[in-house]
Amino acid sequence: MKRLALLAVLAALGVVALAASSASAMPTEGAEKVCTTTSQNVTTRNVKGFVTAWNLDPRQASFATCKTAKKVMNKMLSLRIEKPKVYEGFRCTPTVVQTEPDVVNYKCVFKGADTATYIKLVFTAKYNMD
C-alpha cells in the first residue's frame, strides 16, 4: 500500500513539473511592441507599426522583433500594393481606407506551422501622390 501511495505522489509531482515547464515555454500573451520605419513613399516619412505576439515559441521569436517588422513594413511600403502578399512568413492584407491620397491599413499575420505562434503586425500608410 505504501508503494502505491509513493507512486501516486511521484506521478503528481511529475505532472506539476511538466505543467510548470510548459508554462515557462509560453511567454505572456499579447505582448506589444511599437516599431518605427521611414519611407519616402509616405507623406509623414515615419510609419509606426504595432507588433503583438501570442503563444510565441522561442524558436520563432525572431519574427516578433522590430528588425523583422521593419523589413516587412519597408517591403509593403515600397511595393505600394493593394492586394494580399506574403513576405518573410507574414501574410499582409491591405485595406484601402481613402484614395487621392491613398491611405492603406495593413494587417500582417505570421502563424507558426507546427506551433501555436501567432504574430500580428498592423500599420497605416498615407502614400505620396507621386
Shared hydrophobic cluster for [X] and [Y] (ILVMFWY, side-chain gaps under 4.5 Å):
{"X": "Val72", "Y": "Val34", "result": "no"}
{"X": "Phe123", "Y": "Val97", "result": "no"}
{"X": "Val47", "Y": "Phe50", "result": "no"}
{"X": "Val86", "Y": "Val109", "result": "no"}

Might you work through the side-chain contact (heavy atoms from CB on, under 4.5 Å) test for Leu121 and Met73, ending with a clear yes or no? CA-CA 9 Å; Leu121 165 64; Met73 289 170 28; 3.9 Å; yes
Any donor-acceptor pair under 3.5 Å from [X] side chain to [Y] backbone:
{"X": "Arg91", "Y": "Cys108", "result": "no"}
{"X": "Asn74", "Y": "Ser39", "result": "no"}
{"X": "Asn46", "Y": "Thr38", "result": "no"}
{"X": "Lys33", "Y": "Cys66", "result": "no"}
{"X": "Thr124", "Y": "Val103", "result": "no"}

Minimum-distance pair of heavy atoms, taken over all atoms of [X] and [Y]:
{"X": "Thr68", "Y": "Ser62", "result": "OG1-O, 2.9 Å"}
{"X": "Tyr127", "Y": "Met76", "result": "OH-O, 3.5 Å"}
{"X": "Tyr106", "Y": "Ile81", "result": "OH-O, 3.2 Å"}
{"X": "Ala64", "Y": "Val51", "result": "O-CG1, 4.0 Å"}
{"X": "Cys92", "Y": "Pro94", "result": "O-CD, 3.6 Å"}
{"X": "Leu56", "Y": "Ala61", "result": "CD1-CA, 3.9 Å"}

Evaluate Lys107 against Val122 for side-chain contact (heavy atoms from CB on, under 4.5 Å), listing each step before the verdict. CA-CA 5 Å; Lys107 179 180 176 185; Val122 293; 4.0 Å; yes
Quick one: do Gln60 and Asp114 satisfy side-chain contact (heavy atoms from CB on, under 4.5 Å)? Show the steps, please. CA-CA 11 Å; Gln60 296 170 326; Asp114 57 347; 4.2 Å; yes
When you look at Asp102 and Glu82, which way does the side-chain contact (heavy atoms from CB on, under 4.5 Å) test go after all the steps? CA-CA 10 Å; Asp102 288 345; Glu82 296 177 357; 3.5 Å; yes
Within a radius of less than 6.0 Å around CD of Gln98, do more than 12 heavy atoms belonging to other residues, nucleotides or ligands occur? yes
Tell me whether the count of non-hydrogen atoms from other residues, nucleotides or ligands lying under 6.0 Å of CD in Glu100 goes above 12. no
Distance check, rounded to the nearest 0.5 Å: Glu88 atom CD versus Lys75 atom NZ? 9.5 Å
Rounded to the nearest 0.5 Å, what's the gap from CZ on Arg80 to CG on Asn41? Could you check? 4.5 Å
Are [X] and [Y] close enough that some pair of their side-chain heavy atoms sits under 4.5 Å apart?
{"X": "Arg45", "Y": "Asn128", "value": "yes"}
{"X": "Thr115", "Y": "Asn55", "value": "no"}
{"X": "Leu77", "Y": "Thr37", "value": "yes"}

Hey, what's the ring geometry for Phe110 with Phe63, parallel, tilted or perpendicular (30° and 60° as the breaks)?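 Parallel, since the angle between the ring planes stays under 30°.
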Consider only side-chain N and O atoms of Thr117 and Asp57, and report whether a donor and an acceptor are under 3.5 Å apart.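 Per modelled atom types, Thr117 and Asp57 side chains form no pair under 3.5 Å.
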